[in-house]
Structures are given as C-alpha cells and as structure tokens.
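First comes the structure, then the notes that go with it.
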2 protein chains.
Amino acid sequence: MEADVYLGDCLEILTKVPENSVDLVYLDPPFFTGNTQKLTTRDRTQRFQFSDVWRSTNEYAQFLHPRLCEMKRVLNSTGSIFLHCDRNASHIARFLLDNVFGEEMFSSEIIWQYRRWSSGERRLLRAHQNILFYTKSQEYKFNTMFVPYSPATNVDQILQKRARDEYNKSIYAIDENGEAVFNGNKKGVPLGDVWDIPYLNPKAKERVGYPTQKPILLLEKIIRLVTDENDLVLDPFCGSGTTLIAARLLNRRCIGIDNSPDAIRITQERLRSPSSSRSCLMEEGRGAYENTDKYALAHLSGLDIIPVQRNSGIDAFIKCDAANGTVPIRVQKPNEPLGQAALALYTASKTKHPSLMILVSTQQEMELASTVSIPGMIVVDSASKVITRAVKDALIGVRSKR
Amino acid sequence: MEADVYLGDCLEILTKVPENSVDLVYLDPPFFTGNTQKLTTRDRTQRFQFSDVWRSTNEYAQFLHPRLCEMKRVLNSTGSIFLHCDRNASHIARFLLDNVFGEEMFSSEIIWQYRRWSSGERRLLRAHQNILFYTKSQEYKFNTMFVPYSPATNVDQILQKRARDEYNKSIYAIDENGEAVFNGNKKGVPLGDVWDIPYLNPKAKERVGYPTQKPILLLEKIIRLVTDENDLVLDPFCGSGTTLIAARLLNRRCIGIDNSPDAIRITQERLRSPSSSRSCLMEEGRGAYENTDKYALAHLSGLDIIPVQRNSGIDAFIKCDAANGTVPIRVQKPNEPLGQAALALYTASKTKHPSLMILVSTQQEMELASTVSIPGMIVVDSASKVITRAVKDALIGVRSKR
DNA sequence: TACACCTCTGAATCTTCCA
DNA sequence: CTGGAAGATTCAGAGGTGT
C-alpha cells in the first residue's frame, strides 16, 4: 500500500494535494507553550471580551487556522478530521474547528483514557487526552463498531426475542413450551466516546524514541471507524509516523508530512518494517491481569487490604500503620490442602521476612489447623467454615434431643 | 448541619453572601440552545477572528460571566470551583473560567464516564461529561484521595524500598543479606481525572424526577476532594438539590440557589429526609460493593446459600439437607450495632420458628458477642474481624519483645 | 528570582530464571 | 525447549532543594 512522506510545512505541502481526495485527517499539532501573556484586566465591572482571551493564545490559533482550512479543502465530502488536543489548548482547537468546519459538524469529543506513573502532586493525576472528531459534511462515512456487553448486563436477556403481551406491553418472548426464544447473536454495545487504551510504555518495543508517540491501537481504532480499505489517510504533523504505520497495517493509503528531518527519517524507517507491538494488555484488555480470585477477595471483605495480582502465593497485603512491614495473607482455595496453601504462602513470603503471615482456612477437612505450624503464620477460619460447622453441630444437637 | 435554599437568580442572591466565605462552588449552569447563529464567512483567505466565533455563543457567555465573577468574590482563597459543562459549551466555559479565575488556576478537566443505554445513532455513543476544576489561588485545599493499584502493577515490587546503585541508577534496595527491603504501607495510586461513576439509573430510589440530576456519588467525591467538615458548599443552580444532599450527608454546610420554585420545593423535600440516600455513602466507603446485598454475600463466600433479596432482617438461608427447616443468616452491616443486627434477624425470623439463626459479626466493637443472647442464635466472627484482631495482637507481641 | 538537578513515583513492558 | 513467574527497566511528570 502506498505511503508518501513529505518534509516541510503542511501549509505548503498540502497545496499540492488535490481537493476532496482525503478520507481521514488525523493531526496532533505541536503546541507552543512559550509566550502566553496573562490577562491583566480582571475588573469585574468590565464586560467579558473575547478578544482579550484570544490574545493570550493568538499565536497557536493563527498558526493552526489556515492549516485547518487547507485540510478541509483536501478532505472528501464523506471524510472526517480527528484533532488530538493539547491539554492547554483543547478549547482553542474546538473554536477553530467550529469556525472552519462548522459547529454542526462536531461529532464527538473522544476521551483517550490511560493509566500512568504517579507523582506526589497535589492535584488529580492527569490520565486522559482529548480528541475532537469533526466531519466535513453530514454524509460522513462511519463504520459503527461494537464492544462486548458490560459484565453487569444480563446477556441472556438481551439475546432473547421480544414480543408484546395482550396489553401491548413489551415482554420477552417464550415459545409454546414456555422456554425463552433466542434472537441470534447481537454484536454488543456500540463503541462509546471514552477509550481505555494503555499508554505507550517506556519499555514497549513499539516505542521509537519520539516524544509524543501514540499507541498504534489508538490510531487503528480511529482509522477503522471512518475509513475503508484503500481510502486515503493524511497526517499533517506525522512525527514518528504512527498514523502511517497503522494505516498501512490496515491497507489504507496514507500521506505524512512533518517539518523535522528526524521525524521523516524515523517514519521512513518504521514504514520499511511496519509492526505493532502485540502485548498482553493491548490484546486481552485490562481483565487479563486480574488473576487474584474474586473468591479470595470475597473472603477478605471488610478488611483494608491491597490485592496482589501477580503473585501465586499471596492474595493480598493488609494495610497496617505499624512500621512492622507488610502482612501477607492467603485464602485457601477450594480443593487445596491446607498444608499446601501454607507452603505456598510461606514460599512467596520468605524473601520479605514478614513478622506475620495469615492463612484463611476455608475448607472442612481432616487436617487440623494446628498441624500447620510455620513460625509467624496464623491460621484463621473463614466465617463460612465456622458457620458450616456450627450448623452441623447445632442440628446434631437438635436431633439428639428428639 | 445547616442548609439554606434560596429562590431567585444567583447573581442577585450572591450579593448577600459575604466574600471569602465559601469553600466550594459546584455549578451545572443551564445552556441555552436557542439562537446560535451560524457563521457565514468561510473565506479561507480571511484570517480567523475570535470575535466571529464569539458572537455565536455570546448569550451564554454574557449570562455566565458576571455570575462567575460573583462566585469568585464569595469564594475563600483556599476554595475551588467545579463547573459541570454542557457538551456544547465546554470550550466557552473554559474561556470564561480562564478569564475570571486565571489560566494558571486551572487545575483539572474531570471526565465523568458512565455507561448508558445505547441508541442506534451513527456516531460514537456519548458516555462522558466534562467538569472543569479551577481554584481561587495556588494555596487551595486538596485532600489527596487514593484508589487501588492497577491489576497490571507488580504490587510486591511497589512495596519495596528504592535506592541508587553506584551509577546513580534507581534500583530496588536490598539489605546486607541480599534480601529485598520493604517500605511499609502504601495507600494506592492518587485519584485520576477520569471518574467512572454509574449514571443515575432511571429507576433508582435516588431519582426525584429532575432532568439533569447527578449521582450523589459524583458530588460526594467532589466535596470530599476539596473540603473538610463544616466547610461551606455553594450550588448556584442547585436544581433538585443533589449537591446539598451530598454536602449534608458529609457534614458540610451548604447554600443552594435556583430560580425555579419547583426546584426549590423538591430540594427542600429531599433535605427533610436525606437518609433515603445514605446507602450511597456506605457504598463508597466499602469500595466495590454496588449494594449492601453484595457486601453481605461476600462475607458468606464459600457457603452454599440461598440469598434473600427483599428482607431487611435476613440476608440468606443456608441450604442444608436436613428437614430441620431453613437456617436464616444475617451479616452485620457497617455502622450497625451488633445488638440491633441481632434484633433485626430475630424479628424477621420469628414467624418461621427456625431451630437455628446465625449472625455474622463484622465490626470491631466494645459490645461482646456474648452479650447478645437470643435463644437459637449463634454469633460468628467474620474472617476479617478475626484477622484484624490477630494482626493487632501479634504486632503488640512483636513490639513487646523488642 | 531563576533554573539545573535530584527524588519519588507506578504502569507496563522487557528480560531473566527456573522447573 | 517451553511457559510462566518474578525481577529489572524506563518514563513529552512534577515537586523540592540548592546554587
């Protein structure tokens, strides 16, 4: 699939692109953090003037506006534009797009949500970026995408056919035997405007050293959403070329422009061997890492704990104020001998030299808790175990009285 | 806790509020979708003019600006303002806040994310709203909140101390024996700016029939984040009064203003009995449990039970093969005295004449289990209770050895 | 006052090691 | 050799400290 990369200012280069030829424009324009002069007039008797605000971000808008106009020109009438906003300029970007494309062409504000390392700042941890999605006309191309139903949804019910009862109330259909009638497969829920895509990790193979590099998965999603195969994708600030890589992997034609020779070089190198990293998190989603049983956590309900995901011997640590270190805790699994559970907890904990370890015994078994005697380990019966025994004892008592 | 509700335009009412007296302003201003005239000049040779765009949203800005100024006046220097944006006006709101409070007082754009019923629109399903968070000064009050670590995090590792090697590279510390050194407890990750809070279910008890009603959980989070007890919360467009309810439940003073007599009436009614929504508070404290039922069932994990849905005294019955009848069981709720729980279980059970009743004690309290002596009732400690006590005892033991 | 440098931080990957 | 578990590595951050 053809991919053209140009060195230069997109304002100039774009004049060579014929109008109505591009199906998708994605751009992540550089933001100038330089000279944003503060407003001095805070006199609240004075009416608010837009031009006052404008002056502070004038440079950015003056830079972007003519380029957006040029992008609109090359965009096909069924085409779309996605503008990846700088945090400090998302409102300016929206004004500019409203002006160039028209307010009524605003389709969505996409929130790219991610997790990242934290720092001790006294504020909310920034964990999202905004992408504005405008179309050139109302007859835009849009491939509705679906995501799986949320776990809370009663999927069984969704898949049932609906009917009307004698009072014309909507009910779920049942056949002559009183069984539910199934509806065939549904595709799931339409894709929303908040996308949880892992931030590109420092160690990711996908990373090529370009500062604002975006995950390929994000670009893939955008490209699939509004283009078909062989359509033309344009990135006028292509940076390390992630957009072009994603486009090529999805069999779309693409044009990339950047005014940095380094960017062009990196992009051309990546295009020679386009690869997207296929990591567990990207592929399987967030659920893939959740290996600590709900079973185990349920038994610890009400405790102030830190669940541990990547350790087969420890289910959680207990939070305690003491400087005594952390207290590892493990819940005996069904069909797991108590001794084995104790050993697993001990093995996983030994490098940590905890002053205390806790094992929750859940199974009724021959093996007595006292037989497990590892120094520093306390064995506690779960409520369910105590209850089961209590019920048994009590009912025997009741019987013997008769 | 005092709560004042005023009927009228906040611009007027606010003049009566002394300056620097309010600690938090939350507002969800009405957006006028009326006469936004389209721009006609799309000549791309013409430079972009801010005033052109401004005209189209003039009315909204002219309405909001003087009111924001007034809110700034009444706000304490350590105070914060949260503006819940209409989707069509978030950029205008940001310009106005930049103008009134200053760009450098912009703290966060909070994304309230939710899932909702899908519609067949040819666009992305809207699943978020934006809340702009500005402070009055740099010395703002901020209660850092923490959330659990991501499932992908290696918690074992996070809990280790860090050090530098001879090349000043950050490494995990080891002691003289080559063992990992633990760091004590961590609280989790600082709260981010994307909040996943369920949209108010149309059938929720909480709902009072007001169109833009917000979940109490959302307001609780905001109030906790930037205020302490007895602080003053202001909602100048209070609608059905969710902000005031949340403030009162968290022991904050509050002022609500609305120019609709209906809104004022609904708010005053809700304030008279805020207890109906109290379960929300417990939810958040207990984390993941969507309702008290799940809280109870988690404590009974591993038991073969029949959950009871709509009984205030009984959480479940234990399945037992005996013809001895069913055994009702109840889990003590957070903040519920054990005696009260016992009485509730007894009252709910007495018509069934069970041979046995089981009460699971979950709270650390003065009241001894033995003091609850109802014939046929057995009191069992939950695992979490036993563990909490065991940890406390063991650590005291460790200390006394030193 | 300005700025260079140092420190703390957790997500998600890469890398190594072991059975 | 293979697969999984545990350890190592890095960050378009952000505050504090010292020059």
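Order of the sequence lines sets the chain letters (A, B, ...), proteins ahead of strands, with each chain counted from 1. No hydrogens, no waters, no symmetry mates; every other heavy atom, side chains included, goes into these values. Note that this is a predicted model, so its numbers are computed, not measured.
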F133(A), CZ atom: more than 12 neighbouring heavy atoms under 6.0 Å:
yes
[X], nearest nucleotide to its side chain (from [options]):
X: K205(A); options: dA12(C), dA14(D), dC14(C); result: dC14(C)
X: S312(A); options: dA5(D), dA14(D), dT13(C); result: dA5(D)
X: N154(B); options: dC14(C), dG10(C), dG7(D); result: dG7(D)

Roughly how far apart are [X] [atom1] and [Y] [atom2], rounded to 0.5 Å?
X: S108(A); Y: N130(A); atom1: OG; atom2: CG; value: 12.5 Å
X: E121(A); Y: F142(B); atom1: CD; atom2: CZ; value: 8.5 Å
X: Q129(A); Y: Q113(A); atom1: CD; atom2: CD; value: 12.0 Å

Taking [atom1] from [X] and [atom2] from [N], how many angstroms apart are they, rounded to a whole number?
X: L159(B); N: dT9(C); atom1: CG; atom2: P; result: 11 Å
X: I197(A); N: dT13(C); atom1: CD1; atom2: P; result: 13 Å
X: Q309(A); N: dG4(D); atom1: CD; atom2: C1'; result: 16 Å
X: N88(A); N: dA14(D); atom1: CG; atom2: P; result: 10 Å
X: L191(B); N: dG10(C); atom1: CG; atom2: P; result: 14 Å
X: I314(A); N: dG7(D); atom1: CD1; atom2: P; result: 10 Å
X: Y114(A); N: dC11(D); atom1: OH; atom2: P; result: 17 Å
X: D315(A); N: dA5(D); atom1: CG; atom2: P; result: 14 Å

Check whether any side-chain N or O of S118(A) sits under 4.0 Å from OP1 or OP2 of dG13(D), and answer yes or no.
no
Quick one: is R126(A) getting a side-chain N or O under 4.0 Å of the dA14(D) phosphate, OP1 or OP2?
yes
Suppose we call a contact any N or O donor and acceptor under 3.5 Å apart; does that hold for the side chain of R310(A) and the base of dA5(D)?
no
Hey, does the side-chain of Q157(B) have a donor or acceptor N/O within less than 3.5 Å of a partner on the base of dA8(D)?
yes
Who pairs with dT9(C) - Watson-Crick or G-U, where each distance is under 3.5 Å
none
Answer with base, sugar-phosphate or nothing: what part of the nucleic acid does [X] contact at a heavy-atom distance below 4.0 Å?
X: E121(A); result: sugar-phosphate
X: N311(A); result: sugar-phosphate
X: G188(B); result: sugar-phosphate
X: Y149(B); result: sugar-phosphate

Out of R330(A), Q309(A), H299(A), K333(A), which one pairs with D315(A) under the side chain to side chain donor-acceptor pair (under 3.5 Å) rule?
K333(A)
So, for G241(A) and R270(A), which heavy atoms are closest and what is the spacing to 0.1 Å?
C-NH1, 3.9 Å
Go nucleotide by nucleotide along DNA chain D from the 5' end; which of R122(A) and Y199(A) gets its closest nucleotide reached first?
Y199(A)
